[in-house]
Amino acid sequence: MQRALLDWFAVNQRPLPWRTEYHPWHVLVAEIMGQQTQLDRVAARLPVFLDRFPSPTALAAASEEEVLKAWEGLGYYARARNLQAAAQALTAQYGGEIPQDLDAVRALPGVGRYTAGAVLSQAFNLPVPIVDANVARLFARLFDLDEPIASRETQAFLWETAAAIIPPGHARDFNQALMELGALVCGKNPRCSACPLTGHCEAHRLNIVEERPVPTQAKAIIPLEVATGVLVHRGRIFIQKRLPHGAWGGLWEFPGGRIEPEETPHQAVVRELLEETGYPVAVTDKIALVRHGYTTYKVALHCFACRLEIDPAAEDIPAPQLTAAQDARWVTLRDLAHYAFPAGHRKLIDLMERDLRFA
DNA sequence: GACTCGTGGCA
DNA sequence: TTGCCAAGAGT
């Protein structure tokens with residue numbers, strides 16, 4: 001089975017940017033970027049990121065602002081902050097190199113059991129096991145696991161098996177082969193006719209591939225109504241920087257929030273801007289309704305243009321009283337390109353750039 | 001163990 | 001259009 005899988009991988013592996021040299025830094029960044037993210041997206045974004053941050057030392061020395069901008073659109077932004085913290089640790093403790101030591105790599109922020117194993121096996125060909133979503137799904141079929149993947153017993157079996165199954169001297173290719181087969185053949189809709197392991201697959205023998213892995217109860221996706229305000233004053237737009245941690249930590253946004261029951265979107269945006277900035281505002285236009293999906297929510301984002309309700313003759317803009325942000329600025333529409341925004345707000349910006357009212 | 005944390009592709 | 005879900009980690 002191991003030989004069949006290695007032979008399959010040699011022929012069928014995708015040409016990914018870090019697979020030519022397996023440079024340890026490239027592998028580490030690829031693995032962090034690859035968490036909960038399909039590799040085609042990583043392949044598209046990794047070269048740009050590495051061009052700007054070619055070494056741990058380079059990333060360590062950058063501003064968090066620039067790191068988040070480079071990560072914009074990839075989601076799970078704590079990964080970017082953790083990766084920079086990891087780069088700073090590597091620079092301070094290991095001379096800017098990746099140590100060939102499981103405990104040392106595992107101790108880096110944002111690096112868990114999977115990522116540590118992936119980095120050490122791919123960068124250094126060390127025989128360290130990996131279990132990701134691909135391996136778990138593949139093993140559930142190969143060994144006919146009749147408990148949900150997440151159960152403690154199944155997790156223990158998966159990791160024990162992944163460790164025991166590595167062919168000596170082939171950790172790099174074999175670990176990747178398991179994942180690649182899971183991604184390309186043994187996916188959500190399995191293509192058993194293209195699989196090199198059907199002769200070894202227990203679920204296939206029993207004709208219950210479709211029943212593996214055993215599904216868990218899916219959580220409902222909650223619809224959410226949100227209002228946001230593009231506050232314009234003397235040709236400049238108000239943006240605020242979100243708090244350092246939590247959702248979209250450190251990213252910039254337009255102020256806004258949930259529309260309460262019994263409240264119109266229009267009322268909500270006026271209330272939210274007063275709460276979050278201290279500014280009394282009036283709505284001047286409805287810009288758009290942006291729809292954006294999340295893992296557990298689907299948001300309808302009601303977007304308004306607003307103006308300050310202050311004395312038009314006043315020379316200075318009063319300072320905002322921020323309650324949901326760590327910083328704020330008044331910028332031009334063109335400036336927005338330099339700041340990292342959540343994807344929903346980036347959609348709004350794209351619309352404004354093509355909107356004559358803002359041109 | 002349960003929950004949070006994004007996004008976009010695809011069936 | 002809707003639901004599913006990815007080379008998971010931290011709390």
Side-chain angles (χ1 to χ4, degrees), chain A residues 13-14 16-19 26-46 68 71-83 85-86 105-123 128-138 148-155 158-159 162 172 175-184 186-191 213 215-223 242-243 245-251 253 290-300 340-347:
Chain A
Q13 64 173 293
R14 291 169 286 181
L16 297 170
W18 61 98
R19 279 184 173 163
H26 301 179
V27 171
L28 174 59
V29 178
E31 286 302 334
I32 299 295
M33 198 178 280
Q35 290 168 1
Q36 294 290 288
T37 305
Q38 295 178 332
L39 285 200
D40 290 341
R41 186 185 322 285
V42 178
R45 295 289 299 267
L46 186 72
L68 288 173
W71 205 267
E72 186 184 36
L74 286 168
Y76 288 137
Y77 298 94
R79 295 184 299 170
R81 300 192 300 269
N82 283 335
L83 181 58
V105 172
R106 176 70 180 77
L108 296 170
V111 175
R113 192 176 183 183
Y114 163 79
T115 303
V119 169
L120 289 173
S121 62
Q122 289 181 52
V128 187
I130 48 95
V131 175
D132 74 328
N134 291 303
V135 175
R137 186 176 56 251
L138 175 65
I149 300 277
S151 75
R152 211 167 56 83
E153 298 80 3
T154 303
Q155 281 294 312
L158 291 171
W159 281 96
R172 169 184 292 155
N175 279 353
Q176 290 188 92
L178 289 172
M179 296 189 284
E180 195 81 334
L181 188 68
L184 299 183
C186 198
K188 189 183 171 189
N189 296 312
R191 302 191 299 117
T216 52
Q217 184 70 34
K219 280 178 290 186
I221 295 177
I222 301 164
R242 294 179 61 91
L243 299 174
H245 302 289
W248 300 288
L251 272 69
E253 66 172 7
V290 172
R291 295 191 183 278
H292 188 67
Y294 304 87
T295 309
T296 50
Y297 299 106
K298 54 175 181 179
V299 169
F341 282 81
H345 286 205
R346 179 55 66 188
K347 287 181 185 176

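Naming: A, B, ... by sequence-line order, numbering from 1 per chain.
Rounded to whole Å, the P atom of B/dG9 lies 24 Å from the corresponding atom of C/dA9. Spacing of P atoms, B/dT4 relative to C/dA7, comes out at 23 Å, to the nearest Å.
At the phosphate of B/dT7, OP1 or OP2 sits under 4.0 Å from a side-chain N or O atom of A/W248. One finds a side-chain N or O of A/R152 lying less than 4.0 angstrom from the OP1 or OP2 phosphate oxygen of B/dG1. In this structure, A/H292 does not reach the B/dG6 phosphate: none of its side-chain N or O atoms is under 4.0 Å from OP1 or OP2. Listed pair A/Q35 / C/dG8 fails the phosphate criterion, with no side-chain N or O lying under 4.0 Å from OP1 or OP2. Residue A/R137 places at least one side-chain N or O under 4.0 Å from the OP1 or OP2 atom of C/dA6. Distances shown here put a side-chain N or O of A/Y77 below 4.0 Å from the OP1 or OP2 atom of B/dT7.
If you check every strand for non-hydrogen atoms under 4.0 Å, A/T296 touches nothing. Residue A/A247 is classed as a sugar-phosphate contact, given heavy-atom separations below 4.0 Å to backbone atoms only. Using a 4.0 Å heavy-atom distance criterion, A/R242 is classed as making no nucleic acid contact. No contact: A/R81 has no heavy atom under 4.0 Å from any strand. Contact annotation for A/L74: base contact, defined as any heavy-atom pair under 4.0 Å involving a base atom. Within 4.0 Å (heavy atoms only), A/A118 reaches no atom of the nucleic acid at all. Among the heavy atoms of the strands, none lies under 4.0 Å from A/G249.
In this structure, the CG atom of A/N189 is 18 Å from the P atom of C/dG3, given to the nearest Å.
Taking each heavy atom of A/Q122 and A/R172 in turn, the nearest pair found is O-NE, 2.7 Å. Of all heavy-atom pairs spanning A/R242 and A/E253, the tightest one is NH1-OE1, 2.8 Å.
Out of C/dG10, C/dG8, C/dC4, the shortest distance to the side chain of A/A218 is found at C/dC4. Distance from the side chain of A/Y76 is smallest to B/dG6 among C/dG10, B/dG6, C/dA7. For A/I221, taking side-chain heavy atoms from C-beta onward, the closest of the listed nucleotides C/dC4, C/dG8, C/dT2 is C/dC4.
Contact annotation: side chain of A/T37 to base of B/dG6, donor-acceptor pair present below 3.5 Å. Side-chain N/O atoms of A/T295 and base N/O atoms of B/dG6 include a donor-acceptor pair closer than 3.5 Å.
Between A/R106 and A/M179, the residue anchored closer to the 5' end of DNA chain C is A/M179, taking for each the nucleotide with the nearest heavy atom. Comparing A/R14 and A/V111 along DNA chain C, the residue whose closest nucleotide (by nearest heavy atom) sits nearer the 5' end is A/R14. In terms of position on DNA chain B, the residue among A/A150 and A/F341 whose nearest nucleotide sits closer to the 5' end is A/A150.
Within 6.0 Å of CZ in A/R291 there are 12 or fewer heavy atoms belonging to other residues, nucleotides or ligands.
Contact check of residues 39-46 of chain A against DNA chain C (heavy atom, cut-off under 4.0 Å) returns A/L39.
Between A/F341 and A/H345, the ring-plane angle classifies as tilted under the 30° and 60° cut-offs.
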